[in-house]
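Keep in mind that what you see is a predicted model, and the values were worked out from it rather than measured.
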Amino acid sequence: MTTVEPDRAAPGCPYHSADLTSERLDLDPLYAELRDREPLARVTMPHGGDAWLVTRYEDVRAVLADPRLSRAAGVGKDVPRSSPLIQQPESLLSMDPPEHTRLRRLAAKAFTKHQVDATRPRVQGTVDLLVDRLVDAGPPADLAVMLAWPMGITVICEVFGVPPEDRDRFRGWTNEMMALTADDPRAIEAARASLDGYLRELIARRQRDPGDDLLSQLVAAREGEDRLTDAELAIFAVDLLTAGHETTANQTGNFLYTLLSRPELWQQVVAEPTLVPSAVEELLRFTPLAAAVAPFSRVAVVDVELHGQVIRAGDAVVAQNDAANRDPAVFTDPETIDLGRATNPHVAFGHGPHHCPAAALARLELQVMLDTLVRRLPGLRLAVPADEVSWQRNRVMRGVRHLPVNW
């Protein structure tokens, strides 16, 4: 068992560059090197100092599920992390059980299989309308602008009951919040405060006049005698709304880029549409979403041993889920996209208590999107060379900025 001295120099984390210019969905090869030779590595994060980085599948799952590695211990502190934001105490993302368990149960009620299945007609209607507009406009068209972003924001706002006239403001705030860096970091905090304030007003409206949307359900939700506080509910809604559209919108564009830049994969799904569910799972495994490692770290509350080294109490730990999803110890030929992969226990949605509560809704959106395009636009193809597709920069999540296509 060894320990690392606090003053030992740690290499700067190479996985958070805000200026990636090519192959935006490629993982830095250093992840694979670390997974092989240094599965517990000391790195310097963009904000807050040094952390331990884990890259192997079993280690990532262990870290994400270990109660000794706390999210709550980093609340309000300048702990090592990839995002300039500091964790808020009322956020579901910042809690440990039992406080986390209470809010998690509420989220689970909102995203049951029954609840998600009930949204299918709404999701299908949204995608059909967007594809209608795409077809009417005629090629060439921009799938990022005309499909990915409108689908992501429309679905989550309809589920939550955000009025259509407010959705542009909502998108502007979340866009500001997703920056990795800012000339004035207070701009990111201001955007979060604006969104928080807006949702508090919307919550007050739902308290007076409830509807059949998710926000109304959360307003009325109780756990025993314990009603959510206004602060908890507002931050809870911010987390779910932001994650619910940013992740799905980015991955919609990323998935389509991956398939269309490899035309043989697109044609495989066109020829066999029953592959859509397994194709979505494989694309979730293979396509990295985070531009950096996890935005927020876990902090050891006691000494923890891993790979013969001691993670000391107070040390920060970050898990690289994308590297775990390429671990050859778990996935056969992990660098190959196998759209029919039968066994696919990826950690794209996390693992343990903080596994994404809206994973079922994201899967539904991605499946409906892909199934609809395969049926209605089987001749879809990139309108520019793959290396000329433009990508978003300085974002917490990877994503295409524009995705020009013909059909």
Using a 6.0 Å cut-off, check whether atom CZ of R401 has over 12 heavy atoms from anything other than its own residue. no
Main-chain N/O of A190 paired to S194 side chain as donor or acceptor, under 3.5 Å: yes
Under a 3.5 Å threshold, yes or no: a donor from one side chain and an acceptor from the other, between D50 and T44? yes
Looking at R326 and D322, does any basic side-chain N land under 4.0 Å from a carboxylate oxygen? no
Report yes if the side chains of L259 and L370 come closer than 4.5 Å at any heavy-atom pair, otherwise no. yes
Between R285 and D327, is there a side-chain N and carboxylate O pair less than 4.0 Å apart? no
In Å, rounded to the nearest 0.5 Å, how long is the span from CG of N250 to OG1 of T287? 11.5 Å
Is E281 salt-bridged to R363, going by a charged N under 4.0 Å from an acidic O? yes
Can you list every side chain to side chain donor-acceptor pair (under 3.5 Å) pair that touches residues 144-162, not counting sequence neighbours? none
Angle between ring planes, Y257 versus W391, binned at 30° and 60°: parallel, tilted or perpendicular? perpendicular
Find out whether H351 and V60 are in side-chain contact, i.e. whether some heavy atom of one side chain is under 4.5 Å from a heavy atom of the other. no
Rounded to the nearest 0.5 Å, how far does CG of N325 lie from NE2 of H346? 7.0 Å
So with a 6.0 Å cut-off around CG of D212, is the heavy-atom count from everything else above 12? no
Where D26 and R398 come nearest, the two heavy atoms and their spacing: O-NH1, 3.0 Å
Search all heavy atoms of L403 against all heavy atoms of G253 and return the closest pair with its distance. CD2-O, 3.9 Å
Answer yes or no: is there a donor N or O on one side and an acceptor on the other, between the side chain of Y57 and the main chain of P328, under 3.5 Å? no
Between D132 and R376, is any pair of side-chain heavy atoms under 4.5 Å apart? yes
Measuring from atom OG of S94 to atom CD of E99, what distance do you get when rounded to the nearest 0.5 angstrom? 12.0 Å
Quick check for you: to the nearest 0.5 Å, what is the distance between L25 atom CG and S261 atom OG? 8.0 Å
Verify the distance criterion only: is there a donor paired with an acceptor across the side chains of D142 and H402 at less than 3.5 Å? yes
Should the pair R42 and W52 be classed as cation-pi, given the thresholds of under 6.0 Å to the six-membered ring centre and 45° from the axis? yes
Spell out, as yes or no, whether a donor-acceptor pair under 3.5 Å connects the side chain of S70 to the backbone of A72. yes
Does the side chain of D59 come under 3.5 Å of the side chain of H307 through a donor N or O and an acceptor N or O? yes
Can a salt bridge be assigned to the pair R133 and D128 using a cut-off of 4.0 Å between side-chain N and carboxylate O? no
Apply the test side-chain contact (heavy atoms from CB on, under 4.5 Å) to residues I156 and T248: give CA-CA distance (whole Å), side-chain angles for both, the deciding distance (0.1 Å), then the verdict. CA-CA 10 Å; I156 200 67; T248 305; over 6 Å; no
How are the rings of F170 and H245 set to each other: parallel, tilted or perpendicular (split at 30° and 60°)? tilted
When you measure from the side chain of W173 to the backbone of A193, do you find a donor-acceptor pair of N or O atoms at a distance under 3.5 Å? no
Can you measure from CD1 (I153) to OG1 (T174) and round to the nearest 0.5 angstrom? 6.0 Å
If only atom types and distance count, is the side chain of E272 paired as donor or acceptor with the main-chain N or O of L275 below 3.5 Å? no
Check the pair D196 / R200 against salt bridge (charged side-chain N to carboxylate O under 4.0 Å, His left out), numbers first and verdict last. CA-CA 6 Å; D196 180 84; R200 287 176 186 254; 2.8 Å; yes
Are any of the side-chain nitrogens in R169 or D166 under 4.0 Å away from the carboxylate oxygens of its partner? yes
Could D66 and R298 be called an ion pair, given the rule that one side-chain N must be under 4.0 Å from one carboxylate O? no
Evaluate the criterion side-chain contact (heavy atoms from CB on, under 4.5 Å) for residue pair M369 and L256; output intermediate values, then yes/no. CA-CA 10 Å; M369 173 276 299; L256 291 171; 3.9 Å; yes
Any sub-3.5 Å donor-acceptor pair from R56's side-chain atoms to R35's backbone N or O? yes
Is there side-chain contact between L69 and V299, with at least one heavy-atom pair below 4.5 Å? no
Separation of F331 CZ from R341 CZ (nearest 0.5 Å): 7.5 Å
D209 and R205: side-chain contact (heavy atoms from CB on, under 4.5 Å), yes or no, with the steps? CA-CA 6 Å; D209 184 21; R205 276 188 265 166; over 6 Å; no
Check whether any side-chain heavy atom of L265 sits under 4.5 Å from a side-chain heavy atom of Q268, and report yes or no. yes
Is there a side-chain contact between L143 and T252, using heavy atoms and a 4.5 Å cut-off? no
Do the non-hydrogen side-chain atoms of L284 and L366 ever get within less than 4.5 Å of each other? yes
Test item: side-chain donor near acceptor, T372 and Q124, under 3.5 Å: yes
Could you report the tightest heavy-atom contact between L40 and Q309, atom names first, then the distance? O-OE1, 3.4 Å
Kindly state each residue pair satisfying ring-ring contact (aromatic ring centres under 6.0 Å, His included) with at least one member in residues 360-388, sequence neighbours excluded. none
Regarding E246 and R171, does a basic nitrogen lie under 4.0 Å from an acidic carboxylate oxygen? yes
As a quick check of understanding, evaluate side-chain contact (heavy atoms from CB on, under 4.5 Å) for L364 and V155, giving each step before the final call. CA-CA 11 Å; L364 173 64; V155 170; over 6 Å; no
M146 to L130 - nearest heavy-atom pair and separation: O-CD2, 3.8 Å
For a quick test of reading the model, state the closest non-hydrogen atom pair linking F111 to A360 and the distance between them. O-CB, 4.5 Å
If we ignore hydrogens and angles and just use 3.5 Å, is the side chain of R81 paired with the main-chain N or O of M45 as donor and acceptor? no
Considering all heavy atoms, the nearest V347-N321 contact: O-ND2, 3.1 Å
Residue pair D213 / V159, side-chain heavy-atom distance below 4.5 Å: no
Is the shortest distance from a Lys or Arg side-chain nitrogen in D371 or R375 to a carboxylate oxygen in the other one below 4.0 Å? yes
Side chain D36, main chain E33, donor-acceptor under 3.5 Å: no
Answer yes or no: is there a donor N or O on one side and an acceptor on the other, between the side chain of S278 and the main chain of L339, under 3.5 Å? yes
Is there a donor-acceptor pair under 3.5 Å between the side chain of N406 and the backbone N or O of P139? no
